[in-house]
J.: 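Quick one: the structure is below, questions incoming.
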Amino acid sequence: MKPRDRLRIAMQKSGRLTEPALDLLTRCGLTFRQSRDKLFCFGEGEPVDLLLVRDDDIPGLIAQGVCDLGIVGRNVLSEFQLTGGREAEPLAELRPLGFGRCRLSIAVPQELDYREPRQLQGRRIATSYPGLLGEWLRAQGVDAGVVTLAGSVEIAPKLGTADAICDLVQSGGTLVANQLREADVLLQSEAVLAGPLALPADERGDLLELLLKRLDGVIQVRESRLLLLQTSRHSLEAVTRLLPGGPQPTLLPVAGQPDQLMLQALCAGEVSWRQLEEIKKAGAREMFVLPVEKMLA
Ligand code: PRT
Ligand code: ZN
């Protein structure tokens, strides 16, 4: 294959991961000119292009060297590692990306009193993830029939083609609508950046390293909030104890009010109303939660 000097990233063409993946890449400073067939997007600022494909094709495209990186669900990546064929290069999960969260679970009819995997012995389980399900069953020492379906797995028990299913669950609404109940979790999933085990030994390797650094910055900032509040010196300890995780807060004097302090804290995640109300009860007032746009330590 002809060596490439541009980095190529595969992502889902249209689906749950498309918008958040594009948003993430844009925040990393990548912009794309969309071509007419919208399969290939030429990168304008940096030499990084996009290939828009079905999510199931992404690990294969990386393994074949057609793309250098991919944004794909851990569920799809792990399934490929198990069933992608002998010629499949092992791939690496380079970064978890924090969106597209779901879990791969066993679900059983609501009336079944499920307590342990052994109850699945000799039953038929419908799934689109035969690799992951097979591996889990082996680890549990359970011998069950795996019925591989491409879609609509959740209706298999009603149709009588399976006794249980193994499928992705997010809110749980689909299971309830089909009189099923989540019984066991096989895999916690989210979108990940997938790539080869070793970085390419040319310009693409340097580019990939640069991209990973930007990505780390973007992910850290996306999850950070700046909390500003006022407190009396007397309440300071109680207020500080309730602050969500992060580095030590900064304290500033308030002009004309020697008893008061202004507190500034970088929080590692979302600050909920409930947390704010608790902190207020401890003696804080004039509270602000601000998103962080960029951060350079
Ligand atoms: O066309 P293409 O093959 O690219 O798209 P697709 O239909 O295979 O994928 P898509 O867009 O549905 O999902 C892409 C990825 O999003 C998945 O591989 C997961 O990593 C992630 N993801 C996150 C989900 C869900 N949440 C999810 N809820 N993928 C699927 N679902 C389905 C699930 O299969 C079930 O049918 O939603 C239903 C369950 O949702 P709840 O909320 O009712 O529990
Ligand atoms: Zn798919």
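Indexing begins at 1, ligand by ligand and atom by atom, following the structure's order.
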J.: Between Pro196 and Leu94, what is the shortest heavy-atom contact and its length?
T.: O-CD2, 4.4 Å
J.: Quick one: which ligand 1 atoms are inside 4.0 Å of a heavy atom on Leu17?
T.: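 Listed by number with element: 15 (C), 16 (O).
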J.: Linking I/L/V/M/F/W/Y whenever any side-chain heavy atoms sit under 4.5 Å apart, do Val192 and Leu208 land together?
T.: no
J.: Need the ligand 1 atom indices (1-based, order shown) with element for anything under 4.0 Å from a heavy-atom of Gly15.
T.: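 It comes down to these atoms of ligand 1: 11 (O).
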J.: Quick one: look at Val153 and ligand 1, take heavy-atom pairs under 4.0 Å, and tell me if it's side chain, backbone, both or neither.
T.: neither
J.: According to a 4.5 Å side-chain heavy-atom criterion applied to Ile, Leu, Val, Met, Phe, Trp and Tyr, with indirect links allowed, do Val53 and Ile9 form part of one hydrophobic cluster?
T.: no
J.: Between ligand 1 and Arg54, is the shortest N or O to N or O distance under 3.5 Å?
T.: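 So ligand 1 has an N or O lying under 3.5 Å from an N or O of Arg54.
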J.: Can you give me the closest heavy-atom contact between Gln170 and Arg101, atom names plus distance?
T.: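 Scanning both residues completely, I find the closest heavy atoms to be CG-O, 3.3 Å.
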J.: At what distance is the nearest protein heavy atom to atom 6 (P) of ligand 1, and which residue and atom is it?
T.: Gln12 NE2, 3.8 Å
J.: Do Val108 and Tyr129 sit in one hydrophobic cluster, given that two such residues count as connected whenever their side-chain heavy atoms are within less than 4.5 Å of each other, even indirectly?
T.: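 Same hydrophobic cluster.
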J.: Counting from 1, what ligand 1 atoms have a heavy atom of Asp167 closer than 4.0 Å?
T.: 34 (O)
J.: Which of the numbered atoms in ligand 1 are under 4.0 angstrom from any heavy atom belonging to Val76?
T.: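 The list of qualifying atoms is 18 (O).
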J.: Please determine whether a side-chain nitrogen of the Lys or Arg among Arg233 and Asp259 lies less than 4.0 Å from a carboxylate oxygen of the Asp or Glu.
T.: no
J.: For Arg6 and Arg204, work out which heavy atoms get closest and say how close.
T.: O-CD, 3.5 Å
J.: Which residue holds the protein heavy atom closest to atom 30 (C) of ligand 1, what is that atom called, and what is the gap in Å?
T.: Arg16 NE, 3.4 Å
J.: When you look for heavy atoms under 4.0 Å from ligand 1, do you find them on the side chain of Thr174, its backbone, both, or neither?
T.: both
J.: Under a single-linkage definition using a 4.5 Å side-chain heavy-atom cutoff for Ile, Leu, Val, Met, Phe, Trp and Tyr, are Val254 and Val239 assigned to the same hydrophobic cluster?
T.: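 No, Val254 does not connect to Val239 through the hydrophobic network.
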J.: Counting only N and O atoms by type, is there a donor-acceptor contact under 3.5 Å from the side chain of Arg33 to the main-chain atoms of Cys41?
T.: no
J.: Give me the nearest non-hydrogen protein atom to atom 26 (N) of ligand 1 as residue plus atom name, then the distance to 0.1 Å.
T.: Cys102 CB, 3.5 Å
J.: Measuring from atom 33 (C) of ligand 1, which candidate in Asn178, Leu168, Asp56, Val176 has the nearest non-hydrogen atom?
T.: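 Ranked by closest heavy atom to atom 33 (C) of ligand 1, first place is Leu168.
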J.: Specify the closest pair of heavy atoms between Ser14 and Thr18, including all atoms of both residues, with the distance to one decimal.
T.: CA-OG1, 3.3 Å
J.: Enumerate the atoms of ligand 1 whose separation from the nearest heavy atom of Gly172 is less than 4.0 angstrom.
T.: 41 (P), 42 (O), 44 (O)
J.: Closer than 4.0 Å to some heavy atom of Gly73 - which atoms of ligand 1 meet that?
T.: 20 (O)
J.: Is the side chain of Gln230 donor-acceptor paired with the backbone N or O of Met262 at a distance under 3.5 Å, no angle test?
T.: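 Flag not set: sc Gln230 to bb Met262 has no pair under 3.5 Å.
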J.: May I ask you to list the atoms of ligand 1 that are less than 4.0 angstrom from any heavy atom of Val169?
T.: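 Atoms satisfying the 4.0 Å criterion: 44 (O).
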J.: Just let me know how Ser171 lines up against ligand 1, side chain, backbone, both or neither, with a heavy-atom cut-off below 4.0 Å.
T.: both
J.: So which bit of Val72 gets within less than 4.0 Å of ligand 1, heavy atoms only: side chain, backbone, both or neither?
T.: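 Looking at Val72 and ligand 1, no heavy atom falls under 4.0 Å.
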J.: Among protein heavy atoms, which sits nearest to atom 17 (C) of ligand 1, and what does the distance come to when rounded to 0.1 Å?
T.: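 Going atom by atom, the protein heavy atom closest to atom 17 (C) of ligand 1 ends up being Asn75 ND2, 3.8 Å.
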J.: Counting from 1, what ligand 1 atoms have a heavy atom of Gly100 closer than 4.0 Å?
T.: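 This gives 21 (C), 23 (C) as the contact atoms.
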J.: Around the Zn ion (ligand 2), what protein N, O or S atoms are found below 2.8 Å?
T.: Asp55 OD1, Asp56 OD1
J.: Specify side chain, backbone, both or neither for Leu175, according to which of its non-hydrogen atoms lie closer than 4.0 Å to ligand 1.
T.: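 The answer is neither.
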J.: What is the closest protein heavy atom to atom 8 (O) of ligand 1, and at what distance does it sit?
T.: Asp55 OD1, 3.3 Å
